[in-house]
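Everything below concerns the one structure shown next.
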Amino acid sequence: MDLTSSGAGPIGPVIVLVAAGAGVLLGLYYYAVPLTGITGAPGVLLVIGSSVALVIDAVVLWFGGRGWVFGVFWTVGLLGALGTLAAACFLHAWSLSAAMMIVLIGLIVTIAVKTQRRRAVA
């Protein structure tokens with residue numbers, strides 16, 4: 001599978017964007033719907049906020065990720081995804097945990113494609 005084809009957009013940030021967007025929606029579901037066990041919990045608001053930050057991170061990686069900006073936002077995204085994953089596990093929100101695992105996979109794909117392109121240029 002060629003992840004660096006010129007006709008396609010960057011696949012890693014797209015994966016992060018979709019999974020983080022799902023995290024926002026799942027967080028809103030857990031916060032608003034009764035009988036989820038964590039309805040109205042402040043931890044869910046934290047997860048919603050961090051998922052929104054991951055959406056913004058994905059957009060920056062997609063459009064503005066060059067040089068040190070890429071490194072900073074990739075690292076912040078990694079730390080944010082790991083923190084959100086931990087919070088989702090503490091809340092027993094397993095579908096949200098799965099979404100954050102997909103965000104981590106997207107970040108790994110993003111750095112792998114970036115490294116692969118760098119090697120192809122050299």
Side-chain angles (χ1 to χ4, degrees):
M1 182 166 126
D2 184 19
L3 298 175
T4 61
S5 63
S6 61
I11 190 78
V14 172
I15 294 170
V16 174
L17 181 68
V18 170
V24 171
L25 295 176
L26 286 167
L28 290 171
Y29 171 80
Y30 281 121
Y31 186 76
V33 174
L35 300 176
T36 59
I38 53 176
T39 303
V44 181
L45 290 176
L46 177 67
V47 167
I48 293 169
S50 62
S51 295
V52 168
L54 286 169
V55 167
I56 294 167
D57 185 69
V59 171
V60 170
L61 287 177
W62 191 351
F63 292 113
R66 306 248 190 304
W68 66 272
V69 173
F70 175 83
V72 167
F73 276 90
W74 188 87
T75 304
V76 168
L78 179 67
L79 294 174
L82 287 172
T84 307
L85 175 63
C89 288
F90 291 146
L91 292 168
H92 294 261
W94 305 120
S95 56
L96 191 54
S97 298
M100 290 305 113
M101 290 298 293
I102 295 171
V103 168
L104 289 170
I105 290 169
L107 287 169
I108 291 169
V109 168
T110 301
I111 197 75
V113 168
K114 194 77 157 176
T115 305
Q116 185 180 14
R117 285 184 183 165
R118 197 174 295 149
R119 285 184 187 162
V121 171

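As the structure is a computational prediction, the values presented were derived from the model and not from experiment.
Of all heavy-atom pairs between Val24 and Val55, the closest is CG2-CG2, 4.4 Å. Across all their heavy atoms, Ile38 and Ala93 have their closest contact at CD1-CB, 4.3 Å. Closest approach of Ser51 to Gly23, counting heavy atoms only: OG-C, 3.8 Å. Heavy-atom minimum distance, Ala99 versus Leu26: CB-CD1, 4.3 Å. Heavy atoms only, all atoms of each residue included: Asp57 and Gly77 are closest at OD2-CA, 3.4 Å.
Formation of a donor-acceptor pair under 3.5 Å by the Trp74 side chain with backbone atoms of Leu107 is found in this model. Thr39 places a side-chain N or O within donor-acceptor distance of the main-chain N or O of Val33, the cut-off being under 3.5 Å.
Between Val47 and Leu96 the shortest side-chain heavy-atom distance falls below 4.5 Å. A 4.5 Å side-chain heavy-atom check between Pro10 and Val113 finds every atom pair outside the cut-off. In this structure, the side chains of Phe70 and Thr110 come closer than 4.5 Å at one or more pairs of heavy atoms.
With values rounded to the nearest 0.5 angstrom, Phe73 atom CZ is found 9.0 Å from Ile56 atom CD1.
Surrounding CH2 of Trp68 are at most 12 heavy atoms belonging to other residues, nucleotides or ligands under 6.0 Å away.
No path of Ile, Leu, Val, Met, Phe, Trp and Tyr side chains, each step under 4.5 Å between heavy atoms, connects Ile108 with Leu78, placing them in separate hydrophobic clusters. With hydrophobic clusters built from ILVMFWY side chains whose heavy atoms lie under 4.5 angstrom apart, Tyr30 does not share a cluster with Leu46.
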Check: Given Met100 and Leu54, is the side chain to side chain contact (heavy atoms under 4.5 Å, CB included) satisfied, shown in steps?
Finding: CA-CA 10 Å; Met100 290 305 113; Leu54 286 169; 3.7 Å; yes

